[in-house]
Amino acid sequence: SAVISQKPSRDICQRGTSLTIQCQVDSQVTMMFWYRQQPGQSLTLIATANQGSEATYESGFVIDKFPISRPNLTFSTLTVSNMSPEDSSIYLCSIERDLTGELFFGEGSRLTVL
Amino acid sequence: GENVEQHPSTLSVQEGDSAVIKCTYSDSASNYFPWYKQELGKRPQLIIDIRSNVGEKKDQRIAVTLNKTAKHFSLHITETQPEDSAVYFCAAAPGNQFYFGTGTSLTVIP
């Protein structure tokens, strides 16, 4: 399976600041996604990161709050903007294997907003 | 988008007993149904999946069943062991996007 590296693995942030999470994959993949997992909750799809074009956001998520970049087929970033304590969560990068359609997750980035 | 419901939210079983987790989905376009296991502090890991052209799939102690007509699918774990204790998530994929259920916290009591 592909190796997915996310950083930072965790961070403590101040209210009103922004943080960018990076996701690096060791092979080219077509589909990359960003999920949020709030404490004790399920996995909620934020957006699909499209290579060379704007990300596709799910209902309830907007580009101004969660800008996403996908400059190539192995890398993506998610920025959490103007953070509030409600943004405290684990943010997970995921990829879909091109041949099987299986979804794999990175280790996640645990953000705590004070 | 797709709406996936999962029951029960918590489940406790004695070691050696079976555990069953059930999910329903809303989008008839969903054609792929994976199950993930998430241990505390770790990423979700795929444990088994089933596609819409199959009604049942088994892998050792784990099996999944799918009823497309009723739009529900289930995870069955037999001969449970303490290491099966984790949170389990079902998911449905109507296309490239995956939508997850709310999770089931399984505790296997030795």
Side-chain angles (χ1 to χ4, degrees), chain A residues 1-7 9-10 21 23 25 29-51 53 55-61 68 70 73 76 89-110 112, chain B residues 1-11 21-27 29-54 57 59 64 75 86-107:
Chain A
S1 59
V3 175
I4 309 169
S5 303
Q6 257 186 262
K7 53 181 180 182
S9 57
R10 59 179 62 231
I21 302 166
C23 178
V25 187
V29 292
T30 304
M31 306 300 295
M32 290 181 76
F33 308 92
W34 287 96
Y35 281 83
R36 180 176 73 184
Q37 187 172 31
Q38 294 175 306
Q41 301 297 313
S42 184
L43 300 143
T44 302
L45 180 62
I46 297 172
T48 302
N50 301 309
Q51 194 265 328
S53 65
T56 305
Y57 290 84
E58 295 295 308
S59 176
F61 297 96
I68 288 171
R70 178 90 192 271
L73 292 176
S76 179
S89 189
I90 298 174
Y91 293 86
L92 296 124
C93 169
S94 65
I95 65 166
E96 186 176 337
R97 281 183 71 186
D98 287 344
L99 290 179
T100 65
E102 297 170 2
L103 191 70
F104 291 93
F105 288 92
E107 293 283 1
S109 300
R110 181 184 295 271
T112 302
Chain B
E2 174 65 278
N3 181 40
V4 181
E5 295 189 357
Q6 183 171 345
H7 300 280
S9 57
T10 60
L11 179 61
I21 303 170
K22 299 182 179 182
C23 288
T24 61
Y25 62 98
S26 61
D27 192 340
S30 288
N31 55 16
Y32 177 57
F33 307 90
W35 286 87
Y36 286 80
K37 176 183 181 182
Q38 187 175 31
E39 297 175 339
L40 191 63
K42 297 191 175 180
R43 78 181 95 184
Q45 300 263 24
L46 177 69
I47 56 171
I48 196 167
D49 57 13
I50 191 167
R51 298 188 186 273
S52 59
N53 58 346
V54 176
K57 182 177 178 180
D59 182 4
V64 290
L75 176 71
V87 179
Y88 291 81
F89 293 99
C90 63
N96 296 115
Q97 286 72 28
F98 289 60
Y99 300 92
F100 286 80
T102 47
T104 298
S105 178
L106 173 65
T107 302

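Since this is a predicted model, take the numbers as computed values, not measurements. Computation of the quantities below employed the complete heavy-atom set of this structure, encompassing side-chain atoms and omitting hydrogens, waters and symmetry-equivalent molecules. Reminder, nothing fancy here: chain letters follow the sequence lines and each chain counts from 1.
Interface residues of residues 39-50 of chain B toward chain A, defined by a heavy-atom distance below 4.5 Å and sorted by number: B/R43, B/P44, B/L46, B/D49. At a heavy-atom separation below 4.5 angstrom, chain A is approached by B/N96, B/Q97, B/F98, B/Y99, B/F100, B/G101, B/T102 within residues 95-104 of chain B.
At a 4.5 Å heavy-atom cutoff, the contact between A/F33 and chain B is made by side-chain atoms alone. For B/Q38, the part lying near chain A is the side chain, with the backbone staying farther off; criterion is any non-hydrogen pair under 4.5 Å. Residue contact with chain B, scored on non-hydrogen atoms closer than 4.5 Å, involves the side chain of A/E96 exclusively. With a 4.5 angstrom heavy-atom cutoff, A/T48 touches chain B only via side-chain atoms. Looking at A/L45, the atoms closer than 4.5 Å to chain B (heavy atoms on both sides) all sit in the side chain, from C-beta outward.
Between chain B and the options A/E58, A/M31, A/E107, the largest number of non-hydrogen pairs under 4.5 Å is found for A/E107.
Atom CZ of A/R10 has 12 or fewer neighbouring heavy atoms from other residues, nucleotides or ligands inside a 6.0 Å radius.
Side-chain contact between A/L43 and B/Y36 is absent, with no heavy atoms from C-beta onward closer than 4.5 Å.
Under the side chain to side chain donor-acceptor pair (under 3.5 Å) criterion, A/T56 pairs with A/N50, not counting sequence neighbours. For B/W35, the ring pair (Phe, Tyr, Trp, His ring centres under 6.0 Å) criterion is met by B/F73, not counting sequence neighbours.
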